[in-house]
Amino acid sequence: KEEKEKDLMKGESQYLINENIQKNPQYLSEYLFDILENLLLEESSYIKRGYINPDYLFSINNNEITPEIRLVSINWLIMILHKVFKFKESTLFLSVQLVDRFLTKKMLSLHRTELLLLTSLLIASKHEEIDYVNMKEALQLSSNKFTQNQITSMEYEILTELNFEIIAPNMSDYYNLFCTILNMTEIFTECHPKSRG
């Protein structure tokens, strides 16, 4: 009975998908709502495991990182991603998510948080972009405040702290999915510059 109800809901949800998308096989329109369902299930499992604590900034262990500092940090990431590298939105969302997930588990000093931001950008670009941030560029971005060894060590620390689980659903995934369902992909392309990769 549950399976029949699920199939019925899936059939009804197809009416929400733009006709042009349904006719184009490259969008796999019959699977779009399955993809959405899997994203929600995956996100739910991450939440249960406490992969991000939305209140981590107010932790008693946090003496230096305020909401204002986090805002300035994310603004820096946005500027670097769009003005310097012209990376994809997904790279930005993944960078921010890596920072939040790491700080949920382990608070850092303000100086080391700068290193965390830079290294998260490095990891995210390696995952999302063809022409990712290389070490020379990373050192230039930090105005040589950090050494290659420090960046490499932080990369290892982030990956081990997160058990090498880089990908978790984020707003970019949902945004892209709904843009496809509603046939807003052309608008999305016009509003967002292409990746340098």
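Minimum heavy-atom separation, S120 to S95: CB-O, 3.7 Å. For the residue pair T147 and L139, the shortest heavy atom distance occurs at C-CD2, 3.8 Å. When all heavy atoms are compared, the tightest approach of V133 to L122 is O-CD1, 3.0 Å. The nearest pair of heavy atoms linking S125 to F87 is CB-CE1, 3.7 Å. In this structure, I151 and T119 approach most closely via the heavy-atom pair O-CG2, 3.7 Å.
Judged purely by atom type and a 3.5 angstrom limit, N134 uses its side chain to pair as donor or acceptor with the backbone of K136. Formation of a donor-acceptor pair under 3.5 Å by the S73 side chain with backbone atoms of I69 is found in this model.
Scored by the side chain to side chain contact (heavy atoms under 4.5 Å, CB included) test, I167 finds L94, H127, E128 as partners (sequence neighbours excluded). Judged as a side chain to side chain donor-acceptor pair (under 3.5 Å), and not counting sequence neighbours, D173 has no contacts. In this structure E157 satisfies the side chain to side chain donor-acceptor pair (under 3.5 Å) test together with K106, R112, sequence neighbours excluded. T91 pairs by the side chain to side chain donor-acceptor pair (under 3.5 Å) definition with E129, not counting sequence neighbours.
In this structure, the separation between CD1 on I158 and CD1 on I123 is 4.0 Å, given to the nearest 0.5 Å. The structure places CG of N75 at 11.5 Å from CD1 of I80, a figure rounded to the nearest 0.5 Å. Going from atom OG1 of T152 over to atom CE of M135 covers 4.0 Å, rounded to the nearest 0.5 Å. We find the CG-OG distance between L81 and S90 to be 9.5 Å, quoted to the nearest 0.5 Å. Considering NZ of K126 and CD of E155, their distance stands at 3.5 Å, rounded to 0.5 Å. Put simply, CG on L57 and CE on M107 are 6.5 Å apart, with the number rounded to the nearest 0.5 Å.
Under the 4.5 Å side-chain contact rule for hydrophobic residues, I65 and V72 do not share a cluster. Hydrophobic clustering, with ILVMFWY side chains joined whenever heavy atoms are under 4.5 angstrom apart, keeps L116 apart from L71. Under the 4.5 Å side-chain heavy-atom criterion for grouping Ile, Leu, Val, Met, Phe, Trp and Tyr, F102 is not connected to Y156 through any hydrophobic cluster.
For CD of Q148, the number of neighbouring non-hydrogen atoms (other residues, nucleotides, ligands) closer than 6.0 Å is 12 at most.
Using a 4.5 Å heavy-atom cutoff, the side chains of M154 and F146 are not in contact. Inter-residue side-chain proximity for L159 and I166 is flagged as met; some heavy-atom pair is nearer than 4.5 Å.
Identified under the salt bridge (Lys or Arg N to Asp or Glu O under 4.0 Å) test for residues 143-154, with sequence neighbours left out: E114-K145. Listed by first then second residue, pairs satisfying salt bridge (Lys or Arg N to Asp or Glu O under 4.0 Å) with a partner in residues 66-79 read R70-D100, not counting sequence neighbours.
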